[in-house]
Amino acid sequence: SGVCAAMRAFSFPKGTVIVFDLLEAKVEGNALLEGPRKLIGVMAKDPGRYPDTGGWGYYAFGPDKKPLAIDPKACHACHQGAANTDYVFSAFRP
């Protein structure tokens, strides 16, 4: 599928949108469980629109789904550590 090919290529095409939940982690009964949502993160690939952040636009929404004020350049500075995977930390797990 297209998703699998993009994850293997480590270069996402223009128009790619990645959405993820950032959840609190809770330890219960010797297991790590999903806790409440901290935020919804979004990355949108458009090199022409986001040339200063590796071609990615960064957005965040709170648990109430309202936009959060973030600094996309600060987001990208953290993502520099994943430059070899097109600035994406996640890995595809079939």
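No hydrogens, no waters, no symmetry mates; every other heavy atom, side chains included, goes into these values. Bear in mind the structure is a predicted one, so any value in this text is a computation, not a measurement.
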For this session: Quick one: closest heavy-atom pair of Leu68 and Gly62, and the distance?
Result: CG-N, 3.5 Å
For this session: Kindly check if the number of other-residue, nucleotide or ligand heavy atoms within 6.0 Å of CD (Glu34) is above 12?
Result: no
Exercise. If we only count heavy atoms from C-beta on, is the Lys26 to Leu32 side-chain gap below 4.5 Å?
Worked result: no
Problem set entry | Note, Met43 side chain near Cys75 side chain (heavy atom, < 4.5 Å) | no
Exercise. Mind checking whether Ile40 and Leu23 sit in one hydrophobic cluster, side chains of I, L, V, M, F, W, Y counted as touching below 4.5 Å?
Worked result: no
Exercise. Would a distance-only check, ignoring hydrogens and angles, find a side-chain to backbone donor-acceptor pair under 3.5 Å from Asp46 to Lys14?
Worked result: no
Exercise. Just by distance, do the side chain of Lys45 and the backbone of Pro13 share a donor-acceptor pair under 3.5 Å?
Worked result: no
For this session: For residues Thr53 and Pro72, report the shortest heavy-atom separation together with the two atoms involved.
Result: CG2-O, 3.9 Å
Problem set entry | Evaluation steps, side chain to side chain contact (heavy atoms under 4.5 Å, CB included), between Ile18 and Val42 | CA-CA 6 Å; Ile18 298 172; Val42 179; over 6 Å; no
For this session: Please check if the side chain of Trp56 supplies one atom and the backbone of Val88 the other of a donor-acceptor pair under 3.5 Å.
Result: no
For this session: Can you establish whether the number of heavy atoms outside Glu24 located under 6.0 Å from its atom CD is more than 12?
Result: yes
Exercise. With a 4.5 Å limit on heavy-atom distance, are the side chains of Val27 and Leu33 in contact?
Worked result: no
For this session: Before accepting this row, confirm whether a basic side-chain N of the pair Lys38/Asp21 lies closer than 4.0 Å to the acidic partner's carboxylate O.
Result: no
For this session: Describe, in one word, how the ring planes of Tyr58 and His79 are oriented to each other, choosing from parallel (under 30°), tilted (30 to 60°) and perpendicular (over 60°).
Result: tilted
Exercise. In terms of hydrophobic clusters joined by side-chain contacts under 4.5 Å, are Ile70 and Phe61 together?
Worked result: no
For this session: Under the ring pair (Phe, Tyr, Trp, His ring centres under 6.0 Å) rule, collect the residues that match up with Tyr87, sequence neighbours excluded.
Result: His76
Exercise. Out of curiosity, does Tyr50 fall in the hydrophobic cluster containing Val19 (side-chain heavy atoms, cut-off under 4.5 Å, transitive links)?
Worked result: yes
